[in-house]
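In what follows, chains carry the letters A, B, and so on, assigned in the order in which the sequence lines appear, proteins first and then strands, with residues in each chain numbered from 1.
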Amino acid sequence: MSQVSLTFPDGATRSYPSGTTPGEVAASISSSLGKKAISAQLNGAHWDLAWPIRTDAEIAINTMKDEAPALELIRHDLAHIMARAVQEIWPDVKVTIGPVIKDGWYYDFDRAEPFTPEDLGAIEAKMREIIAARDPVRTEVWDRARAVAHYEANGEPYKVELIDAIPGDEPLRMYWHGDWQDLCRGPHLQHTGQVPADAFKLMKVAGAYWRGDSDRQMLQRIYGVGFQNRQQLKEYLHFLEEAEKRDHRRLGREMELFHFQEEAPGMVFWHPNGWTIYRELEDYMRRRLDAAGYREIKTPQVVDRKLWEASGHWDKYRENMYITEIDEEHANEKRTNALKPMNCPCHVQVFNQGIKSYRDLPMRLAEFGSCHRYEAHGALHGLMRVRGFTQDDAHIFCTEDQIEAECAAFIDLLSTIYRDTGFGSFDIKLSTRPEVRVGSDEVWDKAEAALEKAILSVRNDYEVDPGEGAFYGPKLDFKLTDAIGREWQCGTFQADFNLPERLDATYVGADGEKHRPVMLHRAILGSFERFIGILIENYAGKLPFWLAPRQIVVASIVSDADPYVHEVVGRLRAAGLRAEPDIRNEKINFKVREHSVGKVPVILACGMREVEEQSVTVRRLGEKRTSTMSLDEVTDALRAEATPPDLL
RNA sequence: GCCGCAGUAGCUCAGUGGUAGAGCGCACCCUUGGUAAGGGUGAGGUCGGGAGUUCAAUCCUCCCCUGCGGCACCA
């Protein structure tokens with residue numbers, strides 16, 4: 001019998017008969033490891049304890065102490081246990097797929113009746129029975145014909161389709177949890193009792209298309225979360241509660257920032273407080289863009305379809321465009337317009353006015369461009385996905401040789417802006433040429449290399465997504481991470497070889513000939529609406545002082561201090577601060593509570609003592625401590641604090 | 001757009017086949033209180049829209065709209 005040589009993490013190498021399983025390897029090391037082992041890493045791949053090893057390899061035995069593999073196995077087994085529980089309760093339900101996802105798993109089922117919340121309780125109970133039974137998990141490799149025959153006989157058409165989709169040379173693996181069988185890549189634990197019975201929870205039922213295809217069957221997806229112990233589950237549920245408290249839709253109402261209503265779904269009604277944030281952010285962006293060599297422009301909202309036909313949007317995206325017609329009775333001209341869904345065609349029109357020289361390049365045209373897109377109903381989500389929004393858009397017209405420098409400057413600007421708005425870290429993804437594309441390979445080579453080099457001038461780590469670029473050019477996506485670890489894709493940088501061609505943008509080169517500029521689409525915030533939503537959630541409503549819609553409330557403690565409160569407010573406003581009086585007939589306790597709930601960063605309390613001293617007592621949001629300072633002192637300190645980061 | 005759930009006072013929600021309730025908020029009064037809710041009184045609802053069943057619909061049925069959770073989509 002042939003031997004395989006296994007190398008352990010400590011560097012030791014041992015020889016085993018070919019076909020030995022990791023389970024046997026673990027047991028050969030020590031009986032306690034044999035008992036504790038749950039899976040192995042074989043050359044980095046996650047291996048089931050039951051799979052035979054037939055090649056030399058580096059091996060590491062996993063136990064429940066190895067968190068990543070342990071969680072993967074627990075969640076994967078939970079997916080199977082849940083599917084088994086569902087089929088035990090409702091034998092007619094058809095099973096499809098059930099992968100592990102962040103924090104848990106899901107499994108998609110085909111069942112005529114919807115699952116109810118009560119059903120979830122019943123499934124959980126059944127799952128605990130299965131766990132308590134400590135049913136053995138075993139696996140076999142089947143040939144294709146047998147697997148297909150099995151599932152056809154059992155009336156599981158989805159599984160048959162999955163088998164058809166698996167490449168012919170790949171072995172099909174079956175797993176049993178007790179008597180319940182599922183086609184599965186593995187690995188799994190050794191028996192159902194290894195799954196903690198008190199550290200999982202079924203969260204929700206939702207529709208999901210079979211194979212993610214909206215033309216196909218809608219299935220019912222049950223989501224679950226699972227952890228190693230009860231404490232971790234509790235922490236996760238706590239995290240969900242925290243996220244819920246940060247929900248910008250809720251804070252938007254509580255802080256009176258904005259609202260939505262039926263008459264304009266997906267369009268924001270900004271209230272004074274919300275619009276203050278918006279303006280502060282826009283002013284800041286404008287200064288940053290000015291300083292970075294952009295020229296701001298403003299282009300029309302409503303544009304004849306001819307331009308959209310020329311740009312190609314009419315063909316491809318008309319379904320998502322708001323079309324406007326002029327009432328024929330009252331208009332001499334009949335034309336069809338569209339609300340602009342994006343700014344680029346208009347920006348090319350600005351570029352195209354007059355003759356541009358290579359000396360004009362790079363030309364950076366920026367617009368806080370208000371766009372409308374008819375987004376599907378189900379896509380709308382507070383400020384995060386709206387139908388009317390404003391991009392911090394800009395298009396850089398340049399030569400191929402200028403792409404790299406422009407890209408590097410852009411990444412630099414973006415880092416600064418993310419840092420200033422409170423996002424210290426972000427990820428970059430480079431998407432490269434897709435199968436179907438415009439432009440020569442030579443141009444693509446050059447552009448991809450330019451983007452890559454631009455990234456490398458700032459940092460070493462980035463992700464590449466091959467083939468995911470737009471048909472018109474490669475792109476970078478920028479994802480920032482918020483205070484509770486969620487990622488948001490905001491910034492983008494896209495090279496475009498197509499639109500200048502379609503809309504006939506040219507410049508005169510040093511050679512006196514006409515040339516095509518490259519167009520760089522780029523945004524940092526993405527849309528103001530969405531970015532403000534992200535800001536609200538990141539800060540849980542407690543925005544930094546310069547962005548806080550309400551910065552200071554000056555509250556009287558006794559009504560005799562009311563005139564002084566007005567005087568203080570006047571002084572603060574004169575210093576450019578957002579201050580408001582609170583002279584209501586309420587106790588200071590009440591006022592402090594209300595403004596704290598309202599996330600006002602600074603409360604200045606005034607009683608008779610302050611009146612006499614010409615001082616105020618400062619109470620900062622989140623602090624119990626107060627301090628009394630002279631009005632001048634406070635005004636200077638707060639004015640400094642209110643200075644936007646670019647003006648410091 | 002698809003699946004499921006929901007829509008009752010400004011907000012959060014209870015409730016019933018015989019046209020409605022609470023808490024908070026709001027208004028007014030008392031109270032002038034020193035850092036997270038002082039007390040009293042009062043106003044406020046076409047029960048999302050439309051159609052149907054019924055003697056009678058906020059409640060049952062159907063359609064639509066909007067929202068929520070996912071899925072699909074996101075130039």
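- For A:Pro341, taking side-chain heavy atoms from C-beta onward, the closest of the listed nucleotides B:A75, B:G33, B:C65 is B:A75.
- B:C55 is paired with B:G18 under the criterion used here, namely a Watson-Crick or G-U wobble arrangement in which both key atom distances are under 3.5 Å.
- With P as the reference atom, B:A22 and B:G44 are 13 Å apart, rounded to whole Å.
- Contact annotation: A:Arg249 side-chain N/O to B:C68 OP1/OP2 distance is under 4.0 Å.
- In plain terms, the two heavy atoms of A:Leu621 and A:Val600 that are nearest each other are CB-O, 3.5 Å.
- Put simply, the side chain of A:Gln220 gets close to the backbone of A:Glu113: a donor and an acceptor are under 3.5 Å apart.
- Remark: C1' of B:G33 and CZ of A:Arg609 are 14 Å apart, rounded to the nearest angstrom.
- A donor and an acceptor atom, one from each side chain of A:Asn273 and A:Thr276, are nowhere located under 3.5 Å apart.
- Ring geometry for A:His259 versus A:His271: interplanar angle over 60°, hence perpendicular rather than tilted (30 to 60°).
- Between the side chain of A:Thr626 and the base of B:U35 there is no donor-acceptor pair of N/O atoms closer than 3.5 Å.
- Remark: the A:Arg216 side chain and the B:C2 base include no donor-acceptor N/O pair separated by less than 3.5 Å.
- Contact between the side-chain N/O atoms of A:Tyr223 and the OP1/OP2 oxygens of B:C71 is found at a separation under 4.0 Å.
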